[in-house]
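Here is the structure we will look at.
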Amino acid sequence: MLLEIKDIHVHYGKIAALKGVSVEVDEGEVVTLIGANGAGKTTTLKTISGLRPLSSGQILFEGKDISKVPGHKRVLMGIGQSPEGRGIFPGMTVVENLYMGAFARKDEVEKDLQEVYDLFPRLAERKNQAGGTMSGGEQQMLAIGRALMTKPRVLLLDEPSMGLAPKLIQQIFEIITEINRRGTTVLLVEQNAQQALQVAHRAYVLETGKVVRSAEASALLNDPQVRAAYLGGGAEAVAPPEG
Amino acid sequence: MNNLFSQFWPYTIDGLSLGAIYALVALGYTMVYGVLRLINFAHSEIFMVGTFAVLGTLHLFGMPANVGGFALVGLVLALAVAGGVASGGSAVLLEYVAYRPLRRRGASRLAALISAIGASLFLQQLFARLVIPKAFNLPKEKGALPVQGHFAHKSDVVHIGGFELPNDKLIVIVGAVLMMIALDMFVNRTKLGRGIRATAQDPETAVLMGVNIDRIVTATFALGGAMAGVAAALYMLRFEETRFDVGFLLGIKAFTAAVLGGIGNLRGALVGGIVLGLIEMYGAAVFGSEWQNVVAFSVLVLVLMFRPTGILGESLQQARA
Amino acid sequence: GGKSKSGGGDSVTIGFMGDLTGENSGLVIPPKQGAQLAIDQYNATNPKVKITLKTYDSQGKGEQAVPLAKQAITKDKIAGLIGPTFSGESAQADPVLEEGKVPNISSSATNAALATHGWKFWHRVIGNDNVQGSGIGEFIASSLKAKKVFIIDDASEYGKPLAATVKSTVEKAGAQTSGDSIDVQGSDYGATVNKVKAFNPDAIFFGGYYAQGGKLIKQLREGGVKARFLSGDGSLDKGLAQGAGGTNADGSVIGCPCLIDPSGTASAASKKFATDYKAKFNADPAIYSAEGYDAATAYISAIKAGNTTPEKINDYLSKIDVPGVSKEIKFSSTGEPTATDVYVYQVKGDQLPLLGNAKNATVK
Amino acid sequence: MNDSTNRNPLARARDGYSSFSDSLHDRWASAPRWARWVVYLLLIVLAIILPADGIGSFMSPYTDWPTLLFFPIGGYILLAIGLNVVVGQAGLLDLGYVAFFAIGGYAMAMFGTKAGWSFWEILVVGVLLSALSGILLGAPTLRLRGDYLAIVTLGFGEIVRITANNTNYIGGPNGIGGIPHPPTLTEWTIPDNGLFDAIGIGGVQPFKYGALDGKPYYYLMLLLIVLVIIFAKRLENSRVGRAWASIREDEDAAELMGVPTFKFKLAAFAIGAAIGGASGVVYASQAVSIIPTNFPFILSATILAAVVLGGSGNLPGVILGAFLVAWIPERIRGIQEYRVLVFGAVLVALMIFRPEGLLPSRRRKAELAEGEGGMGSMGAEVGGPVTVGAGEGAE
Amino acid sequence: MSETAAVPAEKRVGTPALELRGITMRFGGVVAINDLNLTINEGEIFALIGPNGAGKTTVFNVVTGVYRPTEGQVLFAGGRIDGKKRYQVTKRGVARTFQNVRLFHNMSAMENVLVGTDAHHRAGLASAALGLPWHRREEREGREKARELMEFVGISHRMEETAKNLPYGDQRRLEIARALATDPKLLLLDEPAAGMNPTEKEQLQGLIRKIRDTGRTVLLIEHDMSLIMGISDRIAVLDFGQKIAEGLPAEIQSNQRVIEAYLGVPADAS
Ligand SMILES: Nc1ncnc2c1ncn2[C@@H]1O[C@H](COP(=O)(O)OP(=O)(O)OP(=O)(O)O)[C@@H](O)[C@H]1O
Ligand SMILES: Nc1ncnc2c1ncn2[C@@H]1O[C@H](COP(=O)(O)OP(=O)(O)OP(=O)(O)O)[C@@H](O)[C@H]1O
Ligand SMILES: CC(C)C[C@H](N)C(=O)O
Ligand SMILES: [Mg+2]
Ligand SMILES: [Mg+2]
């Protein structure tokens, strides 16, 4: 088991955001967390990265308890994240943002930079543009590319499709599949459950801070209850026509 | 007015050397502000600590009387190291005691500001009442008095194209500019510098990049403090005396310079410092020295009315989100 | 009000207020010790009514002096006060003493305006800044024969009016003047130095305290200004030469409406005072020690004469006429002393030897 | 390092205090109207007997207690309430607040000595003048954000002080002396017997003003404070207070919701300035003489410390804060030259102990609990389970 | 909201509510909007779509006075509003929500809405400080209205909660309630469905219709095609600051240029 979250509880002040969440992610998998707003998806990812403190529970990475490891060290261990809202450093250029991803690393980074450019040619074109002036979609690519620069064993993606134009959303999901194919484990949080379930192997459903379902992604995709709650009845009806 | 024209060059030199010291001290304000959004009110006391470290070192050298030429440059270098280490160290300590606990609790910037003011009072008094009397073997009540240490050979003058440039002012200006360039390169070219900038822009995301925020904050205070320490060495070269509240007015001016140039912007600190130094000198020439500070603050207001984020604007964290 | 119950018994409290721990305390410790000496000597005679001296540390600041004065009146029920020592704090604390009907004698506050308020309980044993300023001004004009005088002040309640008097005095004598003010908290007097250079004076007068005076001399000399430097009582301390560094201050002339006489050449009383003072404090009498002694003497003679309440003491003071160490102790109706000599001293290394009376002293 | 947090005594004291102040807060919030009035009444009675000697001998062994109550305590409280409007409510950082105190003081001194007006007339004029100067300062600078405003106001405070020092017409460094006291309203004396004597206010003439007896001035200050509290409280709970809060939260959004932000910021400045001016007028009339050095920068900083220390935005907190910063240095006068040293250390310690202030408003407390006080998420990084930040809520 | 509701819907459609004439907006070298003409009619739900960075939010910013357009005019209810102060624009009857929720986080939901109702209140400093009767009346009425609005958007059970503690979806609803409280004739919604799940999106769709039915005009930015196609009366498509298409939903959906620039060739349903 690469990443194992065991019954974690997390609070914001007095409000409990997570009330016992357990999630497992195996090497090579794409796992997705879905759930309504405020269910605690972002909080889960932040806690894995060490941005929020645990009130109780455990996080194991490669079998080791990392609950007490400070966030910046978790990055070195192989936990990378592309955060909700992208978190681009607005005053730094695209390359500088990418180099930030390799901040804690001491090994050769040029090769990885090239790989990111291969994955997102747009970033290579805009190397020297300030991150803050990139469009929403471009920033999303930059955020994912930057997370890849940390050379993660597991990549946490928080709503990578949020606010993107339909065309870009398709691209992003294709890229996630590609990243996974190249060997990176992915934990994906999405509102866009339909597509998330299509690229994922397994999925967890979160409701108000608790896991209420977990299953093969394809199983959930066809589950009437899940369809009703998270996929929306009429989703396909208004799909743009082909060609 | 007449004064200004007949003594234009001396006023300019004075303005530059005053501004150079403002600029170096301003760097500490600007860096800490950029990273923590905190007006580090106690930075003026970090500077003060530096001046006493320099003075102590001079005593250690046995107060070499009237050093000139290259020997003076060497001595100033040694003093700069002493000041830099003392100020940098105390800045780090200050952060550790007065700000870090607040940071951990997610305190408001105002709370940190009050802690800073408290620390500033504390440090001043600590020196006036305990450190100075002990270190310089003075009666207890004399701790509040100025302490002198004369060492430089001030009659050496460098001539540049018919203009006179006293050696101490020359060293101050050149020294400050060199330090600024070094710091600017450090922040823009090195990995630690990149970490500082990233933390300034988005600390949470910086953590996700493997940046150790505590280390960055420590580095920021250390660097800003060290700059103040170097400023202290240059200041001592110029004025050869210090006291427990030497930092008060200078600190306010340096912060003004930082804002004038665009707070959070390293180059802004240089521009702001120099501009402020010149304005003060020219202003004093025209209106009289008693209006020097009024002129300085009035110009600040005027500049901000037209450029609300200072002459060069903010940059360590960048305004647009 | 402070209608005193004090003095009813066999002890009376006299206060001393001034900057005892602040930055100019160097000017205030000597008069305090002078007063202490007088009172200790008196108590040693085993009198019927003993005197306790209570000190109030105002740090020379008005905002501290005012509450202390109130406390001295209402709580400690002092019968009289020596001080406050500086002009600024006096201006603020004196009205309170006046309302509290407590006599006060300052040993060193020289600001001329203090005598213009019609206060009945206020006195001083020192010539005011008009006296001092015109004394120094005349010295500059007649003895130094300066034609161009640059006048600098520290923008304080003491330095500014003193400088103004010097200015008008030398102008009356036909000299040309120019001037500037420095900021006490600043350290760079470059602008002032440049102004001086542009004016190119024969003499420079500074109205202010020695802490700034020393720095000013230093920067003037570094700037290449050679003109003679003069100042008033606020600079009469060896701190001036220390601050100026090296020999920068040498030759500077400091005026004061006070006579400092460590060798006791002026009179027998002065001789005895100098010896006793040295014996008690292991230091030579310094600025205003004699005036502190005299202020205390005024109270002592009032008490000896059987007056122990503030108002009675004050009545006595209005008629007092006894010899003092520094001068005759006698007050005009406004509370000013009658003797008004100004003396000049010249900096030599870290000594401040007396040159003589400003009227006839000459500089070598 | 974090494991022990909840076990160490400091954290326990902190939690204890926290839950105590919370329960107080809650109880007050749910108290019925009559109960609140009873508390108000009790507070006023307490305020009236406060200057009694018995209380004074403990509270102020070194200085005259009633005078101390008038100033700095009363004066600081009034100033803090005024600054709280600017900083606590509208969220504008003002580091030169002392300027308005000075303007009020100089108004009293000028009109009192040169024009011979009476205190009450000058109080009105002084308040108006201060408000006007607030507007004059605010108009060109209120478009500045955050700390740019802070440094500009700091500069303004210095400009006012230096200008006073350099202007001979208002006495230059000598300031102005002979400022008249308020006219005696009545010679009426609190009967010197029984109960009144027992509580130590017998024989006081509460409406006869002089430099020596602090009590009448204290009552005058008290009256002003009560009036200002009533006004401030009303404003806070009205559309005006809401506008200020919205500006503090998100200025752009506020403007887009129809709040004329500039006008309201200017109003906050003017009201803050007016209150500061009122404090200055009363102070000067009691001080008899004022000089520019009565109005140093450090006073601005101290009042700001009072506001933040007590709990920015919450009136009872602000009053408590002002009381403490005025009282502590006087109370520890016994340690003489070390008192400022100790005061500085106390400020740091209190901020570490209670960053949100001693009695914070509900809002400030919420801001803190989620660690968004403003130093970004600089404290957010985790070392292990239950960091200090989460300590409060986790149990 | 009742006066306009009385007018039959078909009569209102066709009268222009908002008109953009030749709007260009430049930021340094970036041309965010290029010579844009747009007319939105009273009572319609008009959608603005386009790729990321096309200039949609910038249009909102120009209309609400956040930016002064480099060139061109904005007409609303017959008068020009470009260059007007932001709060004046709001008082004229234009209100908006934000792409990234911008509530007054530490105020209660009720207080947030009250700030909106205050837009039309008159009580000044003095009447507030003295607690004069008409100030109290306004206060009462404001509360009443706020309560109604929160019921209308469906968050009346969370009135006293601090805004930031509300779930994201409720925060978006609260933003709408706050905007409605200023009593706008034109409501601008910037990606109101972002971060909502399909069920919530359906509810939102109903809410937007309800708002239109109270007689207000709605201008909407969204990337969610099911929502856009489901409720828009007309749609305009921006790309690189220029309008590349305008028309009925069905027309837009099949427009080749729009598909290329924005919709993409769908591998699967949206
Ligand atoms: N900074 C914060 N302060 C207070 N409460 C918060 C904070 N961030 C999140 N919460 C609360 O924690 C809970 C979980 O939020 P979280 O952001 O993890 O949800 P989510 O599943 O990511 O939702 P979304 O789909 O909206 O991103 C919610 O109830 C939310 O209101
Ligand atoms: N203040 C500004 N300064 C500089 N450029 C800006 C500014 N505001 C917007 N832009 C630029 O203008 C263009 C249009 O931005 P806008 O925010 O309007 O896009 P959008 O259509 O709303 O995109 P999205 O769907 O991603 O929200 C972008 O290229 C953006 O970078
Ligand atoms: C002690 C003295 C130098 C005081 C000075 N004469 C003054 O009036 O302030
Ligand atoms: Mg989320
Ligand atoms: Mg947008």
Side-chain angles (χ1 to χ4, degrees), chain B residues 33 35-39 41 97-99 101-115 117-126 128-130 140-141 199 202-204 207 212-214 217 248 252 255-256 259 263 288 290-291 293-294 296-298 300-301 304-305 308-310, chain D residues 87 93 140-141 143-148 150-152 154-156 158-159 162-163 165-166 297-298 301-302 304-305 307-309 312 337-338 340-352 355-357 364 367-381 387-389 391:
Chain B
Y33 185 88
V35 171
L36 288 182
R37 303 295 153 90
L38 162 70
I39 303 178
F41 236 92
V97 175
Y99 305 142
L102 284 144
R103 220 149 45 76
R104 288 256 187 277
R105 307 198 65 214
S108 75
R109 304 165 48 209
L110 269 182
L113 180 66
I114 301 307
S115 185
I117 290 173
S120 163
L121 285 179
F122 176 81
L123 281 173
Q124 277 189 23
Q125 293 296 320
L126 184 72
R129 304 299 165 201
L130 297 169
K140 206 173 68 180
E141 67 276 5
T199 308
D202 184 344
E204 189 161 289
V207 174
N212 181 347
I213 300 274
D214 282 339
V217 172
F248 175 72
I252 289 181
F255 185 61
T256 305
V259 171
I263 192 155
E290 68 267 43
W291 297 104
N293 295 335
V294 173
F297 287 122
S298 307
L300 173 77
V301 175
L304 290 184
M305 273 168 66
T309 53
Chain D
V87 175
L93 184 49
T141 58
R143 284 174 220 283
L144 298 175
R145 302 246 162 165
D147 297 307
Y148 289 89
I151 191 74
V152 164
L154 190 158
F156 179 71
E158 289 294 288
I159 287 176
I162 298 171
T163 305
N165 203 62
N166 291 343
F297 162 72
I298 192 71
T302 307
L304 184 66
V307 170
V308 178
L309 185 73
S312 177
E337 69 264 32
Y338 296 112
V340 183
L341 183 96
V342 172
F343 181 63
V346 166
L347 276 189
V348 176
L350 276 175
M351 279 348 282
I352 292 174
E356 69 271 47
R364 284 294 150 130
E367 282 169 27
L368 189 88
E370 278 94 41
E372 7 176 288
M375 284 208 282
S377 39
M378 299 298 300
E381 204 181 354
T387 33
V388 231

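Convention: sequence-line order gives letters A, B, ...; per-chain numbering from 1.
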TODO: Identify the two heavy atoms, one from D/P355 and one from B/A107, that lie closest to each other, and give their separation to 0.1 Å.
DONE: CB-CB, 3.3 Å

- [ ] For residues B/V259 and D/D147, determine if any side-chain heavy atom of one lies less than 4.5 Å from a side-chain heavy atom of the other.
- [x] no

TODO: Please name the pair of heavy atoms, one in B/I39 and one in D/A150, separated by the smallest distance, quoted to 0.1 Å.
DONE: CD1-CB, 4.5 Å

Task: Leading residue by heavy atom contact count with chain B [cutoff under 4.5 Å; candidates D/V152, D/N165, D/L350, D/V346] - done: D/V152

Open item on the list: Nearest 0.5 angstrom please: D/Y338 OH to B/L130 CG, how far?
Closed with: 4.5 Å

TODO: Below 4.5 Å from any heavy atom of chain B, which atoms of D/L154 appear? Answer side chain, backbone, both or neither.
DONE: side chain

Task: chain D contact via B/S120 - which portion, at a heavy-atom distance below 4.5 Å - done: neither

Open item on the list: Quick check: B/F297 with D/F297 (ring centres under 6.0 Å apart)?
Closed with: no

Task: Heavy-atom closest pair, residues D/G344 and B/L121 - done: CA-CB, 4.1 Å

Open item on the list: What part of D/L309 gets within 4.5 angstrom of chain B, counting heavy atoms only: side chain, backbone, both, or neither?
Closed with: neither

Open item on the list: Show the nearest heavy-atom pair for residues B/L126 and D/L341, with the distance to one decimal.
Closed with: N-CD1, 3.1 Å

Open item on the list: If I take atom CG from residue D/L347 and atom CD1 from residue B/I117, how far apart are they, to the nearest 0.5 angstrom?
Closed with: 8.0 Å

Task: Engaged part of D/T163 at the chain B interface, taking heavy atoms whose separation is under 4.5 Å - done: both

Open item on the list: Under 4.5 Å from any heavy atom of chain B, what part of D/I352 do you find: side chain, backbone, both or neither?
Closed with: both

- [ ] Calculate, to the nearest 0.5 Å, the distance between atoms CG and CZ belonging to B/L300 and D/F156 respectively.
- [x] 13.5 Å

Open item on the list: As an exercise, state the distance from CD1 of D/I159 to CG of B/N293, rounded to the nearest 0.5 Å.
Closed with: 9.5 Å

Task: D/L304 side, atom CG; B/L113 side, atom CG - distance, nearest 0.5 Å - done: 6.0 Å

Open item on the list: Are D/T141 and B/L304 packed together at the side-chain level, in the sense that at least one heavy-atom pair is separated by less than 4.5 angstrom?
Closed with: no

Open item on the list: Looking at every heavy atom in both B/I114 and D/A305, which two are closest together, and how far apart are they?
Closed with: CD1-CA, 3.4 Å

- [ ] Could you pull out the closest heavy-atom pair between D/V348 and B/G118, with the gap in Å?
- [x] CG2-C, 3.7 Å

